[in-house]
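In what follows, chains carry the letters A, B, and so on, assigned in the order in which the sequence lines appear, proteins first and then strands, with residues in each chain numbered from 1.
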There are 2 protein chains.
Amino acid sequence: MAAALSKREQNKVEKRGRIIAAARALFTHKGFEATTTQEIAEAADVAAGTIFSYARTKDDLLILVFHDEMMDVVERAYGAAKSHVGLVDQTVAFFETIVAYHERDLPLAHALMRQLGFVGGAEQRALVAELMTRLLGCLAKLVEGAKSAGEVGATSPLAPAARSLFAIYYLHLGALLSGYLDRAQFDRALRTDLGLLLRGLD
Amino acid sequence: MAAALSKREQNKVEKRGRIIAAARALFTHKGFEATTTQEIAEAADVAAGTIFSYARTKDDLLILVFHDEMMDVVERAYGAAKSHVGLVDQTVAFFETIVAYHERDLPLAHALMRQLGFVGGAEQRALVAELMTRLLGCLAKLVEGAKSAGEVGATSPLAPAARSLFAIYYLHLGALLSGYLDRAQFDRALRTDLGLLLRGLD
DNA sequence: CACATAAAATGAGTGCGCTCAAATATATTG
DNA sequence: CAATATATTTGAGCGCACTCATTTTATGTG
């Protein structure tokens, strides 16, 4: 039995769920900036002030919405990666899946990138950390697979490799979303730089 | 003779300078969030609304302030890098100089990271692009030096190498500023991952 | 069950970023 | 030098994120 929850705790969990769902619907439908916290409160059937005992700021709400969706996207991305061979093709497929998700709602992706630039709230930080752990875990598994296939040296440390792959992706994602790169340039630069990491500079 | 400026253009340049200077002083002294655009306007001796014909948002003002300072910091960082030997030590010295600058005012650095997550304004985007070009140019020169010294393969492409070095730094900087890493962990991870890029995964 | 204590929700109020119609300063033209 | 056109500034006003004193709801106790 999962529920050893007091009535208070039940109410909080349920209310939290309503708020996040309402925020997700409104952000998707009207855009992040165009959505007011009042509207979210009304849609979730709580008072205006209640929002802010579940998320310190409107921005923090975005992290809550994003976390749930992104956990699924990462799973899908890992599935897409495994249907390819070769570490570069696999990681490209992995990241392209995530990019495709962001491209469905560019304004929301912009707001998200902005928010991820600095994460203030403790709960939000924990959620992002959880997501990053999952994501880096997927990349590490891909690197480990490449090791087994002899594509990558047996001494390559997994965690730094996963971090570096992600770092390259993340920089280019920012450039894509901020408009420094178009999609074709992004694809080319991503593949080039991931390949460079694989081979190294020397 | 530099000034083929009409009276209008003179006024604009001068006013812009006053606004940026006032913003810099107040951001440094009171912090970014605690500073109101009213205060900036008063300090710059312009009306409240005038600010917003020079920067579309308060956030955009931060980019204006940041750009000028950062151009100098990058120069200093390059100087620091050249006093080391070996590409990893050089790039570490380069990035540590920039980190030291951010550490002088952490709240401001947080605001900045947030703002860089997505850059909306056209002028701001151009300023960031200019800064990035300069920064990546420095890194490319360091890689080229390592090539001459035989530390790095002659076929390594400079631009992707510079981008990847920066990508690794930038990810860790975000982790440091958001509190995922402390300074010691940052130093270690940065060195490890830059080294990994140099040697490659295979 | 009555009472006390703590936790959570409420919503009117507040301050600030930003807008925009009107005013002012600069440029242009006959 | 008027007179007209255009660019820039102005600041009162607006909408929204967020606060906080008050009220409501849940839990613990005799």
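Distances from the side chain of B:T36 to the nucleotides D:dA17, D:dT10, C:dG17 place C:dG17 closest. In the set D:dA17, C:dT10, C:dG17, the nucleotide with an atom closest to the side chain of A:V46 is C:dT10. The side chain of A:R8 lies closest to D:dA26, out of D:dC16, D:dT10, D:dA26. Picking from C:dC18, D:dT27, C:dT10 the nucleotide with the shortest atom distance to the side chain of A:A47 gives C:dT10. When distances run from any side-chain atom of B:K12 to the nucleotides D:dT8, D:dT10, D:dA17, the shortest one goes to D:dT8.
Contact between the side-chain N/O atoms of B:N11 and the OP1/OP2 oxygens of D:dT8 is not found at any separation under 4.0 Å. Within the 4.0 Å cut-off from OP1 or OP2 of C:dG17, not a single side-chain nitrogen or oxygen of B:T57 is found. In terms of phosphate contacts, A:T37 brings a side-chain nitrogen or oxygen within less than 4.0 Å of OP1 or OP2 of D:dA17. Phosphate contact (OP1/OP2 of D:dA26, side-chain N/O of A:S6, threshold under 4.0 Å): absent.
For A:E144, the CD atom is loosely surrounded, since the number of other residues' heavy atoms within 6.0 Å does not exceed 12.
Interatomic distance, A:Q115 CD to A:F66 CZ, rounded to the nearest 0.5 Å: 10.5 Å. Note that OG1 of B:T50 and CD1 of B:I19 are 6.5 Å apart. Values are rounded to the nearest 0.5 Å.
Counting atom types as modelled, B:R56 pairs no side-chain N or O with a base atom of C:dT19 as donor and acceptor under 3.5 Å.
Put simply, the residue from A:L26, A:T35, A:I40 that forms a side-chain contact (heavy atoms from CB on, under 4.5 Å) with A:L61 is A:I40.
The CD1 atom of A:I51 sits 13 Å away from the P atom of D:dT19 (whole-angstrom rounding). Put simply, CD on B:Q10 is 17 Å from P on C:dA25, counting in whole angstrom units. Straight-line distance from the OH atom of A:Y54 to the C1' atom of C:dA9: 8 Å, rounded to whole Å. In this entry the distance linking CG of B:D45 with C1' of D:dT9 reads 12 Å, nearest Å. Per the geometry, CZ belonging to A:F52 stands 9 Å off C1' belonging to D:dC16, to the nearest Å. Following rounding to the nearest Å, B:Q38 (CD) and D:dG13 (P) show an atom-to-atom distance of 14 Å. In this entry the distance linking CD of B:E33 with C1' of C:dG15 reads 14 Å, nearest Å. B:K15 places its NZ atom 11 Å from the P atom of D:dT8, with the value rounded to the nearest Å.
The side-chain heavy atoms of B:E151 and B:L198, taken from C-beta on, include a pair separated by under 4.5 Å.
Using a 4.0 Å heavy-atom cutoff across all strands shown, B:T50 reaches at least one base atom of the nucleic acid.
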